[in-house]
Amino acid sequence: MLKPEARASSHKKISFTEHVKPVLTAKCVICHNRKTLPSFSMENRELAFASGGTGPRIAPGHPELSLLIFKGTKDHAGTMPAVGERLTE
């Protein structure tokens, strides 16, 4: 298996608007928005890239440091989204 940094460098440049925002909109924003959960909103780039109390929500180029990847792909009690299909690698 390729290391995260090797995988990231072998792909085209990631666009927040084109690649990330549609996933956040489909999987996260229904709960993680300024009205429902203002301390952890994922509604826009600035809010999504903010650092939470346990580290960065999204760490560009370092998925292993990203809370979003950890919460979205791991199988434990705090996995997100709380209902529906989990994020794929």
Side-chain angles (χ1 to χ4, degrees):
M1 186 162 133
L2 291 174
K3 292 181 180 180
E5 58 272 13
R7 276 187 275 147
S9 66
S10 67
H11 294 292
K12 293 180 183 179
K13 184 173 177 159
I14 303 293
S15 160
F16 179 82
T17 304
E18 197 175 325
H19 301 105
V20 179
K21 188 174 181 179
V23 174
L24 296 179
T25 300
K27 300 285 188 178
C28 308
V29 173
I30 192 165
C31 295
H32 291 273
N33 59 68
R34 287 175 280 199
K35 183 177 180 183
T36 306
L37 196 59
S39 64
F40 204 140
S41 176
M42 303 293 272
E43 289 179 277
N44 61 46
R45 188 179 203 287
E46 180 182 352
L47 295 169
F49 281 75
S51 187
T54 58
R57 295 174 186 163
I58 299 174
H62 298 282
E64 73 282 2
L65 301 176
S66 172
L67 182 61
L68 178 71
I69 299 299
F70 179 76
K71 289 286 199 174
T73 59
K74 304 296 180 192
D75 189 22
H76 60 79
T79 300
M80 294 285 131
V83 295
E85 292 184 34
R86 304 293 183 235
L87 300 174
T88 62
E89 285 190 29

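Owing to the predicted nature of the structure, the values given are computational and were not obtained by experimental measurement.
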Checklist entry - Cluster question for you: counting only ILVMFWY and a side-chain heavy-atom cut-off of under 4.5 Å, with indirect links fine, are Leu47 and Met80 together? => result no
Item to check | Heavy-atom pair of closest approach, residues Cys31 and Thr36 | outcome: O-CB, 3.3 Å
Next on the checklist: So which atom in Pro22 and which in Phe16 form the shortest heavy-atom distance, rounded to 0.1 Å?
Outcome noted: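 Shortest heavy-atom separation between Pro22 and Phe16 comes out as CD-O, 4.3 Å.
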Next on the checklist: Once side chain to side chain contact (heavy atoms under 4.5 Å, CB included) is applied, do any residues pair with Leu65, and if so which ones, sequence neighbours excluded?
Outcome noted: Ala59, His62
Checklist entry - Who are the side chain to side chain contact (heavy atoms under 4.5 Å, CB included) partners of Thr17, not counting sequence neighbours? => result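 Ser15.
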Item to check | Value rounded to 0.5 Å, distance of CD1 in Ile58 from CG in Leu24 | outcome: 5.0 Å
Checklist entry - With sequence neighbours excluded, what pairs up with Arg34 under the salt bridge (Lys or Arg N to Asp or Glu O under 4.0 Å) test? => result Glu43
Next on the checklist: Could you work out, with side chain to side chain donor-acceptor pair (under 3.5 Å) as the rule, every residue matching Asn44, not counting sequence neighbours?
Outcome noted: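 For Asn44, no residue satisfies side chain to side chain donor-acceptor pair (under 3.5 Å) once neighbours in sequence are set aside.
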Item to check | Ser51: partners by side chain to side chain donor-acceptor pair (under 3.5 Å), with sequence neighbours left out | outcome: none
Checklist entry - If you count the non-hydrogen atoms of other residues, nucleotides and ligands that lie under 6.0 Å from CD1 in Ile30, is the total more than 12? => result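 12 or below, so no.
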Next on the checklist: Listing request: all ring-ring contact (aromatic ring centres under 6.0 Å, His included) pairs with a residue in residues 18-38, at least two apart in sequence or in separate chains.
Outcome noted: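 Sorted result for residues 18-38: His32-Phe40.
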Item to check | Within residues 18-32 or reaching into it, pairs that qualify as salt bridge (Lys or Arg N to Asp or Glu O under 4.0 Å) - sequence neighbours excluded | outcome: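 Listed once each, the pairs would be none.
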Next on the checklist: Test: salt bridge (Lys or Arg N to Asp or Glu O under 4.0 Å). Region: residues 45-63. Which pairs qualify, not counting sequence neighbours?
Outcome noted: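 Checked against salt bridge (Lys or Arg N to Asp or Glu O under 4.0 Å) - neighbours excluded - no pair reaches residues 45-63.
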